[in-house]
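Accompanying notes for the structure given below.
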Protein chains: 2
Amino acid sequence: MRDLIEYRAEILKALGQPTRLKIIDFLRDGERCVCEIYPAIAEEQSNTSRHLNMMLSAGVLSRRKDGLKIYYAIKHPEILEVMDIVTRIVKRDITGRHRLLKAA
Amino acid sequence: MRDLIEYRAEILKALGQPTRLKIIDFLRDGERCVCEIYPAIAEEQSNTSRHLNMMLSAGVLSRRKDGLKIYYAIKHPEILEVMDIVTRIVKRDITGRHRLLKAA
DNA sequence: CAGCTAAATGACTATATAGTCATATACTCT
DNA sequence: AGAGTATATGACTATATAGTCATTTAGCTG
């Protein structure tokens, strides 16, 4: 049970960062190579590579080589379920939240 | 959409840390006061308090005062859905993973 | 009010993280 | 082999994080 907690935390932490979230969003409809990902999310190639590797070793992404290119994909469909649930929470919760009061 | 990403990341980050995960697990069957939480997870009162406050402002927990005691609870039932999904991923993925090879 | 209990916070330390720039590695094609 | 493209990594900086210990704040009760 101890190890399960660490592993769960690792997955959730991998998802809990804006740049990585952008990557997850971009990978939603299938695998993409790094050369497609970093321009899409407007981050440096090296930074993107680090985040991809981080999510790979957290068990969030999978990797496939094809010649020069390396394709990353979301490893478990449930990851997208998680994202959908969190999005739902945010959208429902966002009304009346201090966070949005600055937009007023 | 920009703000949504930040907010989603904040929630997921709040869940992605072992000590906070222990708290979430402990709060699974209902609200508890700080004085129950920190002995249950075997962490210092001050450290526990910080994590609780962090999850509160991330929108993961809610807080209720009752006299001297302050009761925290999981704010959205969906948080538990997220935890269940992640647990399922971990349990399925854990076989044949380097992480578990050290136990061999 | 005095003393008690519960929770939060200040000050600090050690470590982790995100990001950048430059470079190295790996593969392809001529 | 050499040029070119795709990805990863070393070295570094700045900031964030988790944790500890000591103290403060808040509310209760005698």
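Each chain gets a letter, A, B and so on, in the order the sequences are listed, and its residues count up from 1.
Note: CD (B:E36) to P (C:dA6) measures 11 Å, nearest angstrom. Between B:E44 atom CD and C:dA8 atom C1' there is a gap of 14 Å when expressed in whole angstrom units. Atom-to-atom, CD1 of A:I70 to C1' of C:dA26 comes out at 8 Å; the value is rounded to the nearest Å.
A distance of 5.5 Å separates CD1 in B:I79 from CD1 in B:I11, rounded to the nearest 0.5 Å. Distance check, rounded to the nearest 0.5 Å: CD of B:E78 to CG of A:D93 gives 9.5 Å. Annotation: the span from A:E10 atom CD to A:I5 atom CD1 amounts to 13.5 Å, rounded to 0.5 Å. The CD1 atom of B:I41 sits 7.5 Å away from atom NE2 of B:H51, with the distance rounded to the nearest 0.5 Å. Atom CZ of residue A:R8 and atom CG of residue B:L21 lie 4.5 Å apart, to the nearest 0.5 angstrom. Rounding to the nearest 0.5 Å places OG of B:S62 at 7.5 Å from NZ of B:K75.
A:Y71 and A:R64 are not linked by any side-chain donor-acceptor pair at a separation below 3.5 angstrom, with hydrogens and angles left out of the test.
B:T48 comes within contact range of no nucleotide atom at all, as no heavy-atom separation falls under 4.0 Å.
Contacts between chain B and DNA chain D, taken as any atom within less than 4.0 angstrom of a protein heavy atom, begin and end at D:dT17 to D:dC28.
Only A:K65, A:G67, A:L68, listed by number, bring a heavy atom of residues 60-68 of chain A to less than 4.0 angstrom from any atom of DNA chain C.
Seen from the ring of A:Y72, A:R32 does not count as a face-on cation partner, given the 6.0 Å and 45° thresholds.
Residue A:N47 is the one, among B:K13 and A:N47, whose nearest nucleotide of DNA chain D lies closer to the 5' end (criterion: closest heavy atom). In terms of position along DNA chain C, the nucleotide closest to B:Y38 lies nearer the 5' end than the nucleotide closest to the other residue of the pair B:Y38 and A:Q17.
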